[in-house]
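Bear in mind that the values here come from a model prediction, so they are computed numbers and not experimental data.
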Amino acid sequence: MRPLQFHRPINATTCVLGGCLLVHRSEELQQDDDVLAQWPDGTGHIVLKRYGESETQSILTTGSKCPEQRDTDQTVFRLIHDAGDASAVWALGTDTICKIKERTEHVCSEADIITFVRKHFPSIPLPEVLYTYDDHQDCTVMFLARVHGETLRDAWTKLTQAQQNSTWDQIAEYCTTMAGLTSDTLCGVGGTYAMEPYLYAADKSPFEPLTVLQAQSLFNKYSPPEMEPPKIKDFHFYHPDLGPGNIIVSNGAIKAIIDWESAGFYPQFWIATKPSVSPGLNFHPVIDGVQEYEWRKGLKERLQSVGYQASRVVQQQSIASSASHRHESMLRPTRVLHAAEWSKTLHLPKSTFPPRPLAADRPRLLQQCTDDLYAWQAAHRPASKPFVLHDGPPYANGSLHIGHSLNKILKDIICRFQLSQGKRVHYVPGWDCHGLPIEVKALQALGEGQHGDHRKLSPVDIRKAAAKLAEKTIKEQKKGFREWAVMGDWDNSYKTMDKAFEVRQLRVFKSLVEKGLIYRQHKPVYWSPSSGTALAEAELEYDEQHESLAAYIGFRLTTVPAALQAMFEKCNGALYALIWTTTPWTIPSNSAIAVHKDLDYSIIRPGPDGPYFIVATDRIDDVIRITEMEGVEIVASGIRGSDLAEVTRYVPSLVNAGKTEQPVIHADFVSAGSGTGVVHCAAGHGFDDYNVCIARGIEAIAPVDEVGRFTRASHGGLPESLEGQEVLDGGSEAVLQHLMALNAGHQPLDWQVVGLHKYRHKYPIDWRTKQPVIIRATAQWFADVGVVKDAAMRALQDVKFIPESGRSRLESFISGRSQWCISRQRAWGVPIPALYRVSEDGTEEAVMTPATLEHIIGVIEARGINAWWTDAVDDSAWIPADLPQGVYIRGKDTMDVWFDSGTTWAQLPGAFSGSPPSDVVLEGTDQHRGWFQSSLLTYVANQDSSSATSAVHAPYKTLLTHGFTLDQEGRKMSKSLGNVISPSQIMDGSLLPPLKLKKKQQAQPNGFPAYDAMGADALRLWVASSDYTRDVVIGEPVLKAVTGTLHKLRVTLKWLLGVLSDVSPSTTLPNLSPTSPTLQQHLPEAIALHRLRATTQYIHAAYSTHEPFKVAQFLARYVNHDLSAQWFEAAKDPLYAGTDTERRAAQKVCYEVLQELLAALAPITPLMVQETLSHMPDGLRQLLEQNGHDPFHRVWKPTLDDVSPVLSLSNGGFALSTVAAALETIHAQVRTLQEAARVDKRIGSGLECRVVLSVSPGAPNSRTSSEHTEHNAEALAVHHMLSDVQASGSGLEKVFVVSDVEVRLTSDSLHAAEGQVATGADEKDDAWQYVATVPVSLTDFSSRSAEESGGPIIVRVAVEKARQGKCPRCWQYKVTQPEVKADTLCARCEKVVA
């Protein structure tokens, strides 16, 4: 049988998570069958089926469905063998191996499995067997190994050594420990077949439903990525004894139902046992396989007959071992069900806030929190407090990408925070509409090739196409920006192609002309053959791996210094100056040869018959090595460069038809660091070459046209054979071949091509086309940067840079510039408003004065800028009347697009007031060479900077720079790599695994999968969470964390809305200010408010320093640690079951938390905040507005305590911060001990235990008498503090969320080390205790430090079983006589219910 060709690999994950491999005939395929491969003869298919279907009695159904299936062993394992993965064999599990081996027992040992694999797969490495246990433990091992990796083995070994007969509950608790979770939040991963994670939550007081967010978050964190998440339903406050179906149960209370059946997995029937026996789920009512059918059939009747209720009974796969006596132990009277009746007396949270944003609400919410809000603040915030964020305009030439979202959302977060500080925000978005990128794309749309051949179309046609493209792109981008909830003056957004903007730009240009900063000159510039235009330095990138053809070429000398005359005659005319060049194509433009006056030179000769070469003495070895010269002799040495310069002459360049000799000159840039120490100078193709040649009156020759081809149009002396040859594509080779051809048959030779080699080096490329550029001498317009750069550097001294490294980066760009080529030879842009007077011989003389500019600007204001191209050439309207008579034409050059965007500051309020018009600018790090620089130069140039002491300003006060966006592997995003992420993918959730819909849920009408679409808030939270000062990574792991945080925030807001649903302006909430005399009576509330105030101060400070990523960190930590794990746990009892006084105090804190949380979230997630307001009960909304706490309209300042909060207790005042720190230290140890008790099945809920705190002054030991006295005072202070808190209205049990706390002062020495756990439980007795010690310090009670007074006080913490009965209403163990009645309430609940 030929191997199967699977559509995708079959491996352990496929088998463990997928279910069964079944062979189906083609006609038997169902619509939802997952076909993995076709059977070799085409009669059937290999189909992945799910557990729970009719064929699942064996892992792989074989036999009659395909004729090839004769031998079960061979066929089954041939499938896996062909997949080539031993782990897949292991993943099939013991059930299949047993069935094939015809064993009657259900469990295979480790030896059985290894023997079986060796027998059938001798060529495959053995799978690693970590541990085997009955009931498909092998599959669980594979699942856990996938989750926890290599660290599993040692921990599993320890587990099995300690618990040889581990139950499933113990295994699940072990998983909890491995996962690093605690029962205070969520814990547990495990389960039969490793497909049904065992999720359990420790009970709280009062009980807390396991929320959808919590269960899904745990599942996403610990399940393999291939595993689809379940749909989970909240199931609030239902308290039966029986937990049917796949249910999350804690202490008998159902927390959530996981509908695994709709997810395609085999449903299990789990029953919750008595709380004292098992606080979590007890797996599998044990059923004998023979009795299974009858047991299922009669279960409901049997349970109902003894008073039980069951919501459903589902199929349970048989378990071999029989222990039916466990059935009866799980059945308990229905009297406990009366607890459900008490729920009517509880104040349960009620809120309509949805788990994720509703698409139907999005337009309304967007309108309210963006356009409406911007209009409101423009009308109500004082004009005397402006905040201006100047928007660096993005190019209007493409779809939005993830970099756009990083940029625009960061700006919006800053603006929204400034609005919350009472300022009137001025944020006008804009677009950069001109320039080559848009022109090229428009030409491509017209079918003009990859880089757009602009020569085939008229400027008018090009401008129409480019304008149309820009308008279309702006419309699309604006729609996207607004969907991200970016707030701004969108109706008045600016475009650099608007006439008003263009006129302002021309007036800035006129100002530079008036200062003499604009000039025209024929000189070398960077030229892009691929773009057909000159480029500024800021428009270049560099290819670090560019490869050039380098050449060593000898130029024959014709005249030498007198000192070398004898040698020259000896050489018989064969003496050459040997140059090295990486651009041989510039040889036709050779203007001179340069040496350095201070270098030593030598004459070498390769062989007795070879020519003679002059090279720098220090370069001889490298020249010989690279050119591979043989028999080299140094004929003469000690020749100074100063002897050669200005005297020596050589054969002229190729374009010099008159054969006039050319000079050897001195140049400072010549060195002995590379080459030969003799440099070929082409004044038309090099900046240094031009400067040294022009000083000597040597003309700059550049016989290259605008597309980078040799041309004789401007230099007739160019050899005809080179005409039309591209200089960058074979130009060097063509020149070298021409040189060698010229020398054929001639003696002496004019040139010697001595050697060629490939040379890899850094080379400039066009940053738009990514193609190499050249240096080419043409007539261009320049801005004299050298005149203003010192003033620009002074202006930067007052600018704040974030990060600070941006300062040196921008300064390096400014200091390195002396000129700015501002002219471009393209049609789409603002014209350089120059007139040219045409003489009789056809030469053109540029005319540009302030008067001509003012005249031209006036015509543009009247006719529009397109008239510059559409009006007749001889239209006299453009010619000022006072110009001398003559023929004038309009120029064709346009301005550099960086000059366009560099003048955007001119539209800001106060642009010409003499102070920075913008408070903040924020762009990518690439804008140091672009917009940041051009804005600075044009703004400074418009100021009076003539004196070194003149006061000059930058156009911005604060300059922020963000990095680039990278994929999760740290690569830049590009279409070629296929790693481009669209912002819409983050908003619709499609970058994350799809949601698994329940059967009852309606599928997508188009059949597409449903995703966890969290909208713009997900995108914004990702931006806020990213440290923008460096490159930002984005990928599935990051987005999962962001989505999880967003869900956590939504659940938090929903709960707060729920517990505050009855609060209104008429509600009396207590005064919990730091000076309140009753502060000690509400200690949990006081601590919660103290932490809230500290957090809001941190958050406010981070916003103020433009660090939203720190805001996101503070918020996440606060919500998860301070709220969810601490305050919410402590608050649920008073909120749900407490007295009116207790409840109102807790609501006071919740109100403060809500209003501060909304204020902190408003800049980052405005949609979620607006949605929260829309679901807020009317009374609560009125209270929020009455108190001035509306998150969008308020002036948000952190709440500061006027005085340090002090608890007034019996023995004096205790600083609240000190008390809070001490109690948090103790509480952490209490939680650790509780977790140990849970592992040992002592408790489920923290309310099932009590805490005993023992404080001892301790023995003197080695302390001096004074030290011992000091230490005793400290110990007594700790004891008094704990005792007073316990005796106050708060009680330590409310802080620790336990049923009782006892504080003792003992004379015994506490020897246990910190964190050490000791148990004193008798297995035959109900009494048990878990003990540890913890250091506590109240250093503010002593004039000396803790170290000076003998170190911190050791407090002994003991967690033991609660001594009283459980209250069925609040679940606290405070019923003094539980034996009287099963449903007896505690005293507090009796009072409340009465």
Side-chain angles (χ1 to χ4, degrees), residues 204-206 208 347-349 351 1049 1051-1065 1067-1099 1114-1115 1117-1161 1172 1176-1177 1179-1180 1183-1184 1187 1189 1191 1196 1198-1201 1205-1207 1216-1217 1219-1220 1223-1224 1227 1285 1288-1297:
K204 308 299 184 298
S205 176
E208 173 190 5
H347 296 280
L348 303 181
S351 174
L1049 288 169
V1051 168
T1052 299
L1053 292 173
K1054 179 175 183 175
W1055 187 81
L1056 288 170
L1057 291 177
V1059 299
L1060 294 171
S1061 60
D1062 64 337
V1063 172
S1064 68
T1067 304
T1068 301
L1069 297 179
N1071 175 21
L1072 298 179
S1073 68
T1075 58
S1076 171
T1078 61
L1079 192 63
Q1080 66 273 13
Q1081 298 177 15
H1082 302 286
L1083 185 57
E1085 289 81 3
I1087 292 175
L1089 287 175
H1090 177 69
R1091 287 172 176 159
L1092 172 65
R1093 289 170 183 141
T1095 301
T1096 54
Q1097 291 179 45
Y1098 293 143
I1099 290 174
F1114 290 138
L1115 278 172
R1117 173 169 168 37
Y1118 177 70
V1119 170
N1120 285 293
H1121 180 265
D1122 293 343
L1123 288 185
S1124 182
Q1126 296 194 43
W1127 165 242
F1128 286 177
E1129 292 303 304
K1132 285 171 185 174
D1133 177 72
L1135 285 171
Y1136 296 172
T1139 65
D1140 187 66
T1141 300
E1142 292 173 335
R1143 184 162 176 265
R1144 292 308 184 190
Q1147 283 183 320
K1148 170 67 174 178
V1149 177
C1150 289
Y1151 172 80
E1152 296 297 332
V1153 169
L1154 176 63
Q1155 59 97 358
E1156 290 290 352
L1157 196 57
L1158 291 177
L1161 286 170
T1172 304
M1176 188 174 287
L1180 181 58
L1183 179 64
L1184 206 69
N1187 292 339
H1189 290 158
W1196 178 48
T1199 303
L1200 300 176
D1201 295 330
V1206 174
L1207 293 176
L1216 178 60
S1217 58
V1219 173
L1223 295 182
E1224 184 171 355
H1227 192 189
V1285 171
S1288 69
S1290 297
L1292 289 172
E1293 60 266 21
K1294 295 182 180 179
V1295 178
F1296 301 151
V1297 196

**Q.** Check against side-chain contact (heavy atoms from CB on, under 4.5 Å), Val1153 and Thr1052
**A.** CA-CA 10 Å; Val1153 169; Thr1052 299; 5.9 Å; no
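- Side-chain contact between Leu1184 and Pro1191 is present, with heavy atoms from C-beta onward closer than 4.5 Å.
- Put simply, CG on Leu1123 and CG on Leu1056 are 7.0 Å apart, with the number rounded to the nearest 0.5 Å.
- To the nearest 0.5 Å, atom CG of residue Asn1071 and atom NE2 of residue His1082 are 9.5 Å apart.
- Using a 4.5 Å heavy-atom threshold, the side chains of Leu1161 and Thr1172 count as separate.
- With rounding to the nearest 0.5 angstrom, the CD1 atom of Ile1087 is 11.0 Å from the CG atom of Asp1122.
- The CD atom of Glu1156 lies 5.5 Å from the CG atom of Leu1092; values are rounded to the nearest 0.5 Å.
- In terms of modelled atom types and a separation under 3.5 Å, the side chain of Arg1143 and the main chain of Leu1135 share a donor-acceptor contact.
- Within a 6.0 Å sphere centred on CZ of Phe1128, heavy atoms belonging to other residues, nucleotides or ligands number more than 12.
- The shortest side-chain heavy-atom distance between Leu1157 and Leu1115 falls under the 4.5 Å cut-off.
- Side chains of Leu1158 and Met1176 form a contact here, defined as non-hydrogen atoms less than 4.5 Å apart.
- Here the OG atom belonging to Ser1124 is positioned 6.5 Å from the CD atom belonging to Glu1129, to the nearest 0.5 angstrom.
- Within the 4.5 Å cutoff, side-chain heavy atoms of Trp1127 are placed close to those of Cys1150.
- Proximity of a side-chain donor or acceptor of Gln1147 to a complementary backbone N or O of Val1059 within less than 3.5 Å is detected.
- A 4.5 Å side-chain heavy-atom check between Leu1183 and Leu1060 finds every atom pair outside the cut-off.
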Q) Could you go step by step and tell me if Thr1067 and Asp1062 meet the side-chain contact (heavy atoms from CB on, under 4.5 Å) rule? A) CA-CA 8 Å; Thr1067 304; Asp1062 64 337; over 6 Å; no
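- Note that the CD atom of Glu1085 and the NZ atom of Lys1294 stand 7.5 Å from one another [nearest 0.5 Å].
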(Q) Let's go through Ile1099 and Tyr1118 carefully: what are the C-alpha distance in whole Å and the side-chain angles of both, what is the deciding distance for side-chain contact (heavy atoms from CB on, under 4.5 Å) to 0.1 Å, and is it a yes or a no? (A) CA-CA 10 Å; Ile1099 290 174; Tyr1118 177 70; 6.0 Å; no
